[in-house]
Structure formats: structure tokens, C-alpha cells
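Scroll down for the structure; my scribbles are underneath it.
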4 protein chains.
Amino acid sequence: MKASDDMAAEGRRTARVVQERSISTRAELLDGAARVFSRLTYAEARLKDVADESGISAGSMYFHFGNKVDLAQAILQVQQERMTAALTEVLEQELTGLDALLAIADRLSQLIASDITVQAGIKLGLQPGTGLDADANGPYFEWIRITESLIRQGGEDGSIKPELDAAAAAEYVNVVFVGAQLLSEIEDTWASFPERFQRVRPHIVGFLSSQPRD
Amino acid sequence: MKASDDMAAEGRRTARVVQERSISTRAELLDGAARVFSRLTYAEARLKDVADESGISAGSMYFHFGNKVDLAQAILQVQQERMTAALTEVLEQELTGLDALLAIADRLSQLIASDITVQAGIKLGLQPGTGLDADANGPYFEWIRITESLIRQGGEDGSIKPELDAAAAAEYVNVVFVGAQLLSEIEDTWASFPERFQRVRPHIVGFLSSQPRD
Amino acid sequence: MKASDDMAAEGRRTARVVQERSISTRAELLDGAARVFSRLTYAEARLKDVADESGISAGSMYFHFGNKVDLAQAILQVQQERMTAALTEVLEQELTGLDALLAIADRLSQLIASDITVQAGIKLGLQPGTGLDADANGPYFEWIRITESLIRQGGEDGSIKPELDAAAAAEYVNVVFVGAQLLSEIEDTWASFPERFQRVRPHIVGFLSSQPRD
Amino acid sequence: MKASDDMAAEGRRTARVVQERSISTRAELLDGAARVFSRLTYAEARLKDVADESGISAGSMYFHFGNKVDLAQAILQVQQERMTAALTEVLEQELTGLDALLAIADRLSQLIASDITVQAGIKLGLQPGTGLDADANGPYFEWIRITESLIRQGGEDGSIKPELDAAAAAEYVNVVFVGAQLLSEIEDTWASFPERFQRVRPHIVGFLSSQPRD
DNA sequence: CATGAATGAGTTTTCATTCAT
DNA sequence: CATGAATGAAAACTCATTCAT
């Protein structure tokens with residue numbers, strides 16, 4: 001049995017190496033795709049561009065992702081993972097409702113400005129009808145829900161004016177956040193988003209905060 | 001010579017009929033294209049979709065609009081005309097800076113919610129790199145400029161707090177307007193835009209108005 | 001209204017011409033496809049071969065038949081129409097059960113030997129799992145049913161031994177017919193089918209006929 | 001020198017183990033291929049299907065069989081071996097011409113119904129133009145020759161009517177055998193072939209046998 | 001020997017655009 | 001002017017085969 005043990009051992013070693021190559025290829029592919037989808041519409045994007053951009057053969061793309069839709073969906077998934085991660089990271093710290101809300105918005109504005117995969121995901125999410133997951137912008141609505149619950153929490157922990165209508169306040173916060181995001185996208189593909197958000201942030205604070213600030 | 005007179009007369013009549021048909025065809029084409037471009041990306045949209053949607057043959061499109069890009073550009077132009085018309089209409093009334101600003105925003109929110117060509121234009125304007133006029137979203141920046149000048153005017157006519165930084169205030173107003181627009185687009189393709197804007201409008205008024213309101 | 005009447009009239013004339021061209025193109029395409037599918041497996045057949053064989057551009061194929069499967073299905077349909085036509089033609093003559101049965105077999109053996117579209121249909125029908133209509137060989141079973149009913153009829157009209165088990169007799173007839181067909185296909189792509197069937201035909205007659213023959 | 005003896009011994013053991021694995025892999029591969037080719041056309045069959053079906057990696061196939069054509073040819077060879085074996089087994093018994101003919105037919109009908117590799121071989125043999133051995137259905141013609149010679153032998157040994165034209169009689173026998181086979185293939189992939197053949201067998205016996213039977 | 005990722009040469013399919021009628 | 005069939009260039013996708021481990 002020694003021989004087959006050896007073979008098994010070698011098999012495992014080989015497998016790991018192969019798997020690593022596979023993983024890195026997949027990552028490069030996702031990266032290239034993110035770059036392409038962040039500057040082009042889904043239908044405009046050519047898979048050849050993705051292949052060239054990532055230095056991977058077109059055939060290989062079909063080994064890792066069955067087709068164009070799946071590739072786009074993979075990007076959407078990464079986007080959601082990263083945004084969720086940012087969210088949870090903040091929520092794990094024990095902050096007041098207001099601080100958590102602001103921390104999340106700050107965090108997300110930076111993430112969106114710096115992470116091209118997240119940018120690609122946002123663009124893809126806004127153009128359904130492609131075969132992409134119908135609820136691609138489920139995250140949007142989740143984000144709205146979270147905003148509302150944090151405002152309610154802030155009302156209880158004293159950081160936010162308790163008399164506010166949570167739903168209406170949440171809508172306002174989201175309008176401001178999303179508006180800043182869209183203007184930044186138009187102007188310089190999100191590069192200015194964090195600063196722009198900082199400029200309008202005081203309006204949110206002033207509206208929500210129970211502490212008079214100047 | 002009577003016969004040829006008849007023929008000439010008939011020719012004129014024919015010409016008129018043909019011309020009328022041409023005009024209506026062109027209109028139907030634009031309408032169909034607007035419906036298509038308002039729900040699909042430029043690259044996703046098939047000219048066959050436009051043909052089917054408008055009940056006009058594909059070949060005919062090439063008589064009226066040289067090609068796909070020109071068709072899209074025609075829509076962008078209509079959009080700009082209609083938005084500009086709304087703008088001028090308000091500006092022609094002699095209103096205070098604040099009232100003009102709010103009237104324009106109200107007007108535009110209604111126009112966007114109700115006019116599918118305008119909707120199509122907005123979507124097209126947000127996806128450059130297509131061969132569409134590079135400065136397709138020139139209107140955005142023009143709108144920002146107008147906002148700023150109205151705020152400055154409001155500072156002078158007393159309707160708006162004079163101590164405000166006009167540029168910063170304009171940015172805030174636009175962030176709110178654009179944010180409400182985007183959320184409405186996502187939720188129900190702009191149908192809820194006017195109401196949503198009315199809900200956030202008080203924040204704008206509260207921030208700008210020199211008159212304390214409750 | 002004279003002008004538009006003229007236009008309508010011209011429209012009709014144009015439409016007819018266009019339609020004729022369309023029909024002939026479609027026919028040539030079907031013909032070329034039949035030639036290709038009669039010598040190659042569905043999966044082996046290249047659409048380029050069909051295009052070349054019929055002198056029609058590849059793109060045009062997709063105008064007339066949406067895709068490869070539909071093209072194959074169109075051939076199957078033509079095959080079924082032609083075989084059904086042969087069948088009905090015989091059945092319309094008032095023949096005895098035996099004569100009808102034999103006439104149909106004769107007719108079909110000639111049709112199969114001479115009509116390349118029918119040949120293509122037979123081959124296609126025998127290779128499902130392609131996306132072709134699952135019941136592509138429904139005709140086979142229909143044919144078996146008809147055989148059985150003619151034998152029963154022959155039992156009643158006195159042309160066929162009444163004591164025969166119709167189902168079993170039908171199976172035998174079909175086995176012989178189909179066997180002759182398959183051997184002819186292998187040997188010379190059906191060219192020898194009619195003669196071969198004539199050689200084995202007496203076995204069928206001897207078995208079924210109520211009249212002693214030598 | 002003991003160490004190197006050990007190594008040599010282990011080397012031999014390893015070699016044997018490897019060799020055994022090789023043999024079983026080859027067998028599984030052939031089996032999987034048979035299953036795939038028995039339900040799909042050569043061109044439809046994906047080597048990946050074979051790999052999945054046999055649980056062997058695609059790359060490994062290329063070690064054992066140079067390429068797709070060779071794999072198919074290996075199956076054809078197994079089919080021919082098994083059919084020939086059945087044939088010779090019967091021929092080795094000293095039977096009359098008629099009994100030998102019937103025994104062979106019975107044997108083959110059972111073999112075809114039960115052996116998926118034989119089924120695969122039959123299907124492959126009927127789709128040339130693939131790159132498979134041109135005379136893939138040589139066996140068919142060989143079988144016809146054997147039939148004829150057994151009929152002639154039967155004429156001499158008294159088991160078959162001596163006045164029969166051997167060639168014509170052989171054709172009839174083959175038509176019936178092949179017809180039953182094809183109908184069974186269509187109906188239930190050969191499962192019913194033995195029974196069906198038994199149902200039509202009396203026609204063959206009645207035609208050939210020199211002994212009046214009822 | 002086995003594995004499975006990678007490749008590239010084909011194939012199918014799509015669609016803007018042209019053009020004869 | 002309108003129509004819709006035809007075209008071709010480009011895109012998506014497939015898969016036998018190779019090859020590093």
C-alpha cells in the first residue's frame with residue numbers, strides 16, 4: 001500500500017497547487033471583468049475585453065464562469081460580500097445609532113470610491129433586464145431597512161431625536177447618500193464620493209442628531 | 001396642358017400626403033425608441049425592438065435616422081428641449097430665487113415622472129462611451145450652474161439666506177434632487193419621483209429659506 | 001386619396017414579389033439543409049455547410065429559421081407532410097385493406113428512395129436528445145397503427161385472412177418494411193429500397209392474403 | 001545493497017499496482033464511453049460526458065486512447081469481438097444449417113439487448129463520415145454472407161428447403177432480423193428485441209424449414 | 001499514471017446596416 | 001417613403017486536445 005499512499009500524497013500536493021492556480025486565475029478574471037464592467041454597460045462589454053484585460057484566454061473564462069451572465073453575477077456577489085462585510089464590521093462595534101449610521105456611510109463611500117469591483121457591481125445592479133438576478137438591487141432596499149432600524153435605535157439610545165419619523169428620516173438619509181454617489185459617479189467615476197459625502201454629511205447630522213451642534 | 005396640370009396637382013397632393021406620413025412615422029419611431037431606451041441599455045436595445053414597438057419597419061428607421069446612434073441622439077435632443085422648455089417657462093415668470101428653484105425642481109420631477117422620452121434621455125445620458133455625444137450629461141452640469149445662480153439671486157432678493165456659500169448650497173440641493181430621482185427610478189421607474197421629492201423638499205426649503213418656517 | 005391608393009397598390013405588388021423571394025430562399029435553404037442532414041448527423045452538420053450548399057448567407061438562415069434546431073425541425077415537418085400526403089392519397093382511393101397496405105408501402109418506399117428531404121427527416125428522427133421534438137418518431141408509431149387498422153379492414157373486406165391477429169400481423173409487416181429500409185440505407189442510402197422491398201413483398205402478401213397465390 | 005533491493009522490490013510492486021490501476025481505468029473508460037455513445041451520436045457525445053460517466057478525468061482518456069476517434073474505434077472493436085465470439089460459439093456446435101442460423105439470431109438478439117457496448121457499437125457503426133473506419137459496418141455484410149452460407153449448408157443437410165435461392169432467402173432473413181432490431185431500438189433501446197424477434201421468428205422458420213410445422 | 005486547468009480553432013448566433021422592390 | 005429580406009462582421013460559446021503538476 002506504500003505506493004498508493006505515495007500517489008495519494010502526491011495527488012493531494014498536486015491538487016493544492018492546481019487549485020491555487022485555479023483560484024488566482026479566477027481572481028484575475030474577476031478583476032479584469034470588474035474593470036470592464038465598471039466602465040461599460042453589460043451589453044457593451046466584450047468578453048474579449050475581459051480576457052485581454054485579465055491576460056486569460058477566452059476559453060478559460062468559460063471554464064471558470066459558464067457564460068457572460070454568470071461572470072457578471074459573480075461580480076455582483078463579490079460586491080455584496082464586500083459591502084456586507086463593511087456593514088457588519090461597523091455594526092460589531094458598539095456604537096450609538098447615529099454614530100453607526102454615519103460610520104457606515106463613511107465606510108461605504110470610501111469603499112465605493114476605491115473598490116472597482118464594487119463600482120462594477122453597482123453599475124451592473126442598475127441595469128437589469130439582462131438576465132442578471134432580478135433582485136440585483138436587493139442590497140439597496142436592505143440598506144434602506146438598516147438605515148431605518150439604526151435611526152430607531154438612535155432614538156432609543158439618545159443619539160438621535162426621538163420624535164423623528166424613522167421611515168421618513170431614513171428616506172432622507174438615503175436620498176442624500178445616493179444623490180452624492182450619483183453625482184460623483186457622473187463627475188469622476190466615484191473618486192470624489194467620500195469628499196462630496198463629507199460636504200453634505202452635516203445636513204444629515206444636523207437633521208438627526210439630538211445634540212445641538214454648530 | 002390640362003392633363004399635366006392635373007398631374008402636377010396630384011403630384012403636389014401626393015407630396016403633401018407623403019410628407020405627412022413621413023412626419024407621423026418619425027414621431028412614432030421616436031416614441032417607440034423612447035419606450036425601448038427607457039427600459040433597456042443602449043447596447044441592449046435592438047433596433048428590431050424599436051421597430052416592433054413603433055410598428056415601423058426597420059428599414060424605414062434608416063431613412064429617418066441615419067443609424068442607431070443618431071436615433072439615440074435624437075432622443076437626447078428631445079429630452080433636452082423639453083427640460084429646457086420647463087426651465088425657461090419657470091424662469092420667465094418673475095419669481096424670487098427660492099421660488100424659482102423650487103418651481104423648477106417641482107416641474108422637472110413631474111416631467112421626469114411622466115415623460116418617457118425624458119426618461120429615456122436620462123438613461124442614455126448616463127451611459128457614455130457608446131458613441132453618443134461625449135457631453136451627453138452636459139445638462140447635469142448646466143442644471144448645477146443654474147441652481148447656483150438662483151441661490152445667489154435668492155441671496156440678493158432676500159428669499160434665501162445671504163450668508164450661504166452658493167456653490168456648496170447648490171451642491172446640496174442637487175444631491176437631494178438627484179438622490180430622490182435615483183431612488184424613484186430604482187423603485188418604480190420614476191413614478192414615485194414627484195411625491196418622493198415633495199417629502200424631501202422641506203429639507204431644501206429649511207436650509208435655504210431666509211424665512212423661518214415650521 | 002388617390003395617392004395613397006396608389007401607394008397601397010404598389011405596396012401589395014412589392015409585398016408579393018418580396019414574399020416570393022422569401023419563399024424561394026426558404027425552399028433553397030430547406031433543400032440544402034436536407035442534403036446536409038441526409039448525409040451527416042445533426043451534431044456533425046455545420047450550418048456553414050447548409051449555407052454553402054444552398055448558396056444563401058449564414059445570416060439569412062437565421063432570418064428564416066431562428067436556429068439550428070428550428071431548421072432541423074422544419075425538415076422533420078416537411079418529411080411528415082410528404083409522408084402523410086402519400087398516405088392520404090392512397091387512402092382516398094377505395095381499395096381493399098390489402099391493396100391499400102401494399103400501395104402505401106410501395107409508395108413510401110419510392111418516396112423514401114427519391115426524396116432527400118424525407119431521407120433527412122428519417123435520419124433526424126432517429127437521433128433525438130438533440131433538442132428536436134421528443135416525439136420525432138411519432139410517425140413510426142402512427143404508421144404501425146395504420147397498418148394494424150388496414151389489416152383489420154382487410155379481414156372484413158375479405159382481402160386478408162380474417163383469422164390473423166391484427167396486432168401481430170402489423171408488427172410483422174412493419175418489421176419487414178423497416179428492415180428493408182434499413183438495409184437499403186446502409187447499402188446505398190436508400191437507392192435500392194424500392195427494389196429490395198419488391199423482393200421481400202411477396203412474403204407479406206403470402207402471409208396476409210386470403211387468396212392463394214403462387 | 002539491501003536498500004536498493006528494497007527499492008527495486010517496491011518499484012516492482014508499484015509498477016504492478018500502477019498497471020492494475022491502468023487496466024481498471026481503461027475498462028471504466030470503455031464502459032462509460034459505451035453508455036454515452038449508446039444514447040448519443042458520435043458528434044453529440046462530449047468527451048466530458050464520457051469522463052463524468054466513467055468517473056475518470058478527461059486528461060486520463062488521452063493516455064489510454066489517443067483521441068475521440070480512437071475511443072470510438074475501441075468500442076467498435078469490442079462490439080465486433082463480442083459478436084464474433086457469439087457467432088463462433090454457435091458455429092462450433094455441430095448444428096444443422098437452420099438450427100445454426102436460428103441459434104445465431106437468438107444469441108445476437110440477446111447480446112444486443114443486454115450489452116451496452118454492443119449497442120454503442122451498432123449506433124457508431126451506422127454513422128460513418130465521422131472519421132471512424134470507413135467499413136465500420138463491414139460486420140453487417142459479413143453477417144449477410146454467413147446467413148447465405150448457412151442457408152446453402154441447410155439446403156445440403158436437409159434442414160432447409162433445397163430449392164430456395166440462397167441469396168434471396170438470406171436477404172429476407174436479414175431484413176426480418178434487422179427490422180426487428182430497429183423497431184426495438186426505437187421503442188425501448190433494444191430491451192424488447194429478443195421477444196420481438198421471437199414473435200417474428202416463425203416466419204423465418206416457416207419460410208426456410210424443410211419440415212412442415214404448424 | 002492521474003488530474004484538471006488552459007488553450008485555440010472552430011461553430012453558432014446576433015444585429016446593425018444595406019438594398020431591391 | 002416604406003418594406004422586409006439579405007448580408008457580413010463581430011460576438012458568444014463549445015470542446016477536443018495539450019500540458020504542467
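Proteins get letters first, then strands, A, B, ... in listed order; numbering begins at 1 in each. Everything numeric in this text was worked out from a predicted model, so none of it was measured.
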For this session: Mind calculating the distance between CD1 (C:Ile23) and P (F:dA6) to the nearest angstrom?
Result: 11 Å
Exercise. Can you tell me if the side-chain N/O atoms of D:Thr25 get under 4.0 Å from OP1 or OP2 in E:dC1?
Worked result: no
Exercise. Under 4.0 Å between a side-chain N or O of C:Ser22 and OP1 or OP2 of F:dG4?
Worked result: no
Problem set entry | Nucleotide F:dT14, atom C1' - distance to CD of C:Glu44 in whole Å | 16 Å
Seminar exercise, completed: Rounded to whole Å, the CG-P distance (D:Asp70 to F:dT17) equals 9 Å
For this session: Using atom CG of D:Asp49 as one end and atom C1' of F:dA16 as the other, report the distance to the nearest whole Å.
Result: 13 Å
Exercise. Atom NE2 of D:His64 and atom C1' of F:dT18: how far apart are they, to the nearest Å?
Worked result: 16 Å
Problem set entry | Residue pairs involving residues 48-62 of chain C (criterion side chain to side chain donor-acceptor pair (under 3.5 Å); sequence neighbours excluded) | C:Arg35-C:Glu53, C:Arg39-C:Glu53, C:Lys48-C:Asp52
Problem set entry | NZ or CZ of A:Lys68 within 45° of A:Tyr42 ring axis and under 6.0 Å | yes
Exercise. What one-letter contact string describes nucleotides 7-12 of chain F from 5' to 3', where B marks a base within less than 4.0 Å of any protein heavy atom, S marks contact via sugar-phosphate atoms alone, and - marks no contact?
Worked result: BB--SS
Exercise. Atom CZ of C:Phe65 to atom C1' of E:dT14: distance rounded to whole Å?
Worked result: 18 Å
For this session: Can you tell me which stems DNA chain E forms, taking runs of 3 or more consecutive Watson-Crick or G-U pairs with both distances under 3.5 Å?
Result: E:2-21 with F:2-21
For this session: Round to the nearest Å and state the distance from B:Leu29 atom CG to F:dT3 atom P.
Result: 10 Å
